There are 2 protein chains.
Amino acid sequence: MRFHSPSIQYFHAVRRTGSIRAAARLLNVASSAVSRQILKLEQEVGSPLFERNARGLTLTTVGEMLARHVMNVLQDLDRFRSDVASLSGVWHGTVSIACIESLTESVLPDLIASHRTRARRVSFTTEVMGSSDVLEALRRGEADIGIAIALRHPPDLRQVALKRFRLGALVAREHPLARRKTVTLEQCLAFPVIHALPELSIYHLLQPLIAQLSETPEPAIQANSIDLMRELAARGVGVAFQTQLGIGRLSHDAQLVFLPLDNAGSPVWSDLGIYVRAERTLPAFTESFLQELVRQLGERERQENAAYQPNG
Amino acid sequence: MRFHSPSIQYFHAVRRTGSIRAAARLLNVASSAVSRQILKLEQEVGSPLFERNARGLTLTTVGEMLARHVMNVLQDLDRFRSDVASLSGVWHGTVSIACIESLTESVLPDLIASHRTRARRVSFTTEVMGSSDVLEALRRGEADIGIAIALRHPPDLRQVALKRFRLGALVAREHPLARRKTVTLEQCLAFPVIHALPELSIYHLLQPLIAQLSETPEPAIQANSIDLMRELAARGVGVAFQTQLGIGRLSHDAQLVFLPLDNAGSPVWSDLGIYVRAERTLPAFTESFLQELVRQLGERERQENAAYQPNG
DNA sequence: TATAGCTGTTGCCGAAACGGCAGCAACATG
DNA sequence: CATGTTGCTGCCGTTTCGGCAACAGCTATA
């Protein structure tokens, strides 16, 4: 079922590996064959597609345009294949997800588990990374679905849904703040805090708020792992800041208490976006999972925000 | 710049012409070559793509799936080509429009003329047809932009915009009704009327309203040409029914008067939809024209509806 | 019923494209 | 300076593609 010219496939491999010889190894062909196909492509397009550095190849502007087209073609080929397969039998294929750490605690495992009971031949690949890396993985075609903090997203990605969750403080059950319903940032900063490093998006959400305060005390601990921050908070080391999503149901019977942040009377939101490459039609089984993901996240959004309403 | 395998192109040609030999003539190759490529494709997909009738070929279910993929590929190739071209110089290409007759009077010619003063190398192909044919032409990839009466549209088309215009009666200046601001259907039916044939969408808009009336008099004249109906009305033959869009500025200095229809106190709307194939990214110059079309139609919608407000 | 005209398919064969092997120059790294 | 990497290029066998002609199946017309 490979009815597209070798040039397309070879170009795609060279773009991904950044080298002709590496692409040749990947494709199990001689490097000369790959080299010639690239040269032929460049001749047909009428413009160089790669810049030849001593240590590999980099895309030119025209090359990036072609890469976009080739990605559209190959991803749509993928969809076509799965469409034909689903015509005669069960769904089967792989859903590739790129997401930030907050999802790994309950949302994603619950969802994948429940989805696999219904569609057993659909497997999953999930990779955890930073928000900007999530978007980049999508653009490069390395993931089908991306979940990240919703910053401004590039035009070649489509924001399927946008869900807001309250940012809050995470403290041990014995912590002096633990009895409050909500907390302000000032109240937290009176205690030792566990700050996120700039590579986590929580940093970028809190930084502007902290900058507004008159005094900015030194953070006790800085970390780049949501998990580590949570465990530190549970041991009473200090106050951590997270979305409630990342804590989920553990907070009920565990040492942790989640206190929604209150900034001058209004909540502090963390916007979670679900992304997909814009120029793409998803295979049916991927689309189905996506719908379910959006629905589940919407459910969580509703529940968690209702729990902290003025009249809740 | 033809870096896609011949099978793709041949398949596309066969689908369009419905015959291998006709496709071969179109492609300037021997019919045997085309036949072999189709057979090879069917072998690779693992399923027949066409049903062989004595008088040509018809797509099977799998064939339709492949046709969809191939269309996506070729249309995106087209976009890539125009993107590369626009990189080094002026926009050039062709915008292909399928629309219903109402647009040809003023909206489309005005828009095309003004667009060509700014982008001289962009040419236009417009074809007038019925609403359902507009959607079909889009699905078959024979048009880039479609404008039709907004009925329920298939999922593979995207409704870019939806504009509502008032349906009204069209009478000669000397007609007894001509002095009214608005008219009801009953009032019109007291005179000879020029009815649309079922192939025009006006028929489907008026039919349910006429069916509600107690008496349904015989129509004086039936026609399938908006133009003919307008000319007949101008000669005082009877009352025609149209959207104001189809009359436009001519009504000012001509023999015609447009009277918005009043149905039990509320206007009768004719919804105009602008459509595009969903699984497609338009070339930049096409997208630009599309935006302008939507803007202009929105402007007309605002103007014409404001002219008949209760307080206007 | 016979004929003419259309359909898609198939051998045969030359031409074009593809791909593997080995060797080249250019650059980076040690 | 030696070694390992990069991409590129003759040479040549294999594969694929495409044109020509002939074939069988069907339809419409005479």
Side-chain angles (χ1 to χ4, degrees), chain A residues 1-64 66-67 70 73-74 77, chain B residues 1-64 66-67 70 73-74 77:
Chain A
M1 239 221 247
R2 59 156 87 85
F3 37 69
H4 283 292
S5 40
S7 8
I8 297 290
Q9 332 241 13
Y10 289 11
F11 173 83
H12 188 233
V14 171
R15 180 195 65 85
R16 281 190 299 166
T17 60
S19 145
I20 286 189
R21 284 187 123 101
R25 284 192 293 273
L26 189 71
L27 296 163
N28 285 318
V29 290
S31 67
S32 57
V34 179
S35 173
R36 265 190 272 260
Q37 291 292 344
I38 299 297
L39 290 172
K40 203 191 82 179
L41 259 184
E42 289 181 322
Q43 193 181 348
E44 296 211 36
V45 175
S47 156
L49 299 170
F50 293 99
E51 279 169 8
R52 270 72 168 178
N53 310 319
R55 206 122 201 95
L57 305 186
T58 321
L59 284 172
T60 63
T61 307
V62 180
E64 300 219 21
L66 183 59
V70 167
V73 169
L74 294 183
L77 174 62
Chain B
M1 248 231 237
R2 59 155 86 87
F3 37 69
H4 283 292
S5 46
S7 4
I8 297 292
Q9 331 239 16
Y10 288 12
F11 173 84
H12 189 233
V14 171
R15 180 195 65 83
R16 281 191 299 165
T17 59
S19 143
I20 288 189
R21 286 188 122 100
R25 284 192 294 273
L26 190 70
L27 296 162
N28 285 319
V29 290
S31 68
S32 58
V34 179
S35 173
R36 266 189 273 261
Q37 292 291 345
I38 299 297
L39 289 173
K40 203 192 81 180
L41 258 183
E42 289 181 324
Q43 194 182 347
E44 298 212 35
V45 175
S47 156
L49 299 170
F50 293 99
E51 278 170 8
R52 270 73 169 178
N53 311 319
R55 205 123 200 95
L57 286 76
T58 321
L59 284 172
T60 62
T61 308
V62 181
E64 300 216 22
L66 182 60
V70 167
V73 169
L74 294 183
L77 173 64

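Below, read A as the first sequence line, B as the second, and so on, with proteins coming before strands; counting in each chain starts at 1. Predicted model, so just to flag it, every value in this text is computed and none were measured.
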Check your understanding: Is a side-chain N or O of Ser5(A) found less than 3.5 angstrom from the main chain of Phe3(B), in a donor-acceptor match?
Key -> yes

Using only atom types and a distance under 3.5 Å, with no angle test, would you say the side chain of Ser31(B) pairs donor to acceptor with the backbone of Ala24(B)? no

Quick one: label Phe50(B) by what it contacts on the DNA or RNA (base, sugar-phosphate, nothing), any heavy atom closer than 4.0 Å. nothing

### Message
Students often get this wrong, so: under 4.0 angstrom with heavy atoms, is Leu39(A) touching a base, only sugar-phosphate, or nothing?
### Response
sugar-phosphate

Subject >> Side chain to side chain, Phe50(A) and Thr58(A), heavy atoms closer than 4.5 Å >> reply: no

When every non-hydrogen atom of Tyr10(B) is compared with those of Val34(B), the smallest separation belongs to CD2-CA, 3.8 Å

Checklist entry - Hey, is the main chain of Arg2(B) close enough, under 3.5 Å, to the side chain of Glu44(A) for a donor-acceptor pair? => result yes

Of Glu42(B) and Pro6(A), the one whose closest nucleotide on DNA chain C sits nearer the 5' end is Glu42(B)

From CG of Leu41(B) across to C1' of dG8(C) the rounded distance in Å is 16 Å

Determine, stepwise, if the pair Arg16(B) / Leu26(B) fulfils side-chain contact (heavy atoms from CB on, under 4.5 Å). CA-CA 10 Å; Arg16(B) 281 191 299 165; Leu26(B) 190 70; 3.6 Å; yes

(message) Do Leu49(A) and Val14(A) have side chains that approach each other closer than 4.5 Å (heavy atoms only, starting at C-beta)?
(response) no

Please list each protein N or O that sits under 3.5 Å from an N or O in nucleotides 23-26 of chain C, with the distance.
none

Counted 5' to 3', the first and last nucleotides of DNA chain D within 4.0 Å (strictly under) of a heavy-atom of chain A are dT6(D) to dC11(D)

From CD1 of Ile20(A) across to P of dG19(C) the rounded distance in Å is 14 Å

Taken to the nearest whole Å, CG/Asn53(A) to C1'/dA28(C) is 12 Å

Taken to the nearest whole Å, CZ/Arg36(A) to C1'/dA17(C) is 11 Å

Quiz item: With no hydrogens and no angle check, is any side-chain donor or acceptor of Ser7(B) less than 3.5 Å from a backbone partner on Leu41(B)?
Solution: no

When rounded to whole Å, the CD to C1' distance for the pair Gln37(A) and dG20(C) reads 14 Å

Assert: residue with more 5' nearest nucleotide on DNA chain C, out of Ser5(A) and Ala54(A), is Ser5(A)

### Query
Under 4.0 Å: is that the gap between some side-chain N or O of Ser35(B) and OP1 or OP2 of dT9(C)?
yes

Atom CZ of Arg55(B) and atom P of dG5(C) are separated, to the nearest Å, by 13 Å

inquiry  = With a 4.0 Å cutoff (strictly under), does any side-chain N or O of Arg52(B) reach OP1 or OP2 of dT9(C)?
reply    = yes

message = Regarding Ile38(A), tell me which of base, sugar-phosphate or nothing describes its non-hydrogen contacts under 4.0 Å with the strands shown.
response = nothing

Encoded 5' to 3' (Watson-Crick or G-U under 3.5 Å; [ ] crossing; | other strand), DNA chain D becomes ||||||||||||||||||||||||||||||

Is the side chain of Glu51(B) donor-acceptor paired with the backbone N or O of Leu57(B) at a distance under 3.5 Å, no angle test? no

- Query: Is there a donor-acceptor pair closer than 3.5 Å between any side-chain N or O of Ser19(B) and the backbone N or O of Gly56(B)?
  - Reply: no

From NZ of Lys40(B) across to C1' of dG8(C) the rounded distance in Å is 18 Å

Name the orientation class of the two ring planes belonging to His4(A) and His4(B) (parallel below 30°, tilted from 30 to 60°, perpendicular beyond 60°). perpendicular

_Under 4.0 Å between a side-chain nitrogen and a carboxylate oxygen: does that hold for Glu42(A) and Arg36(A)?_
no

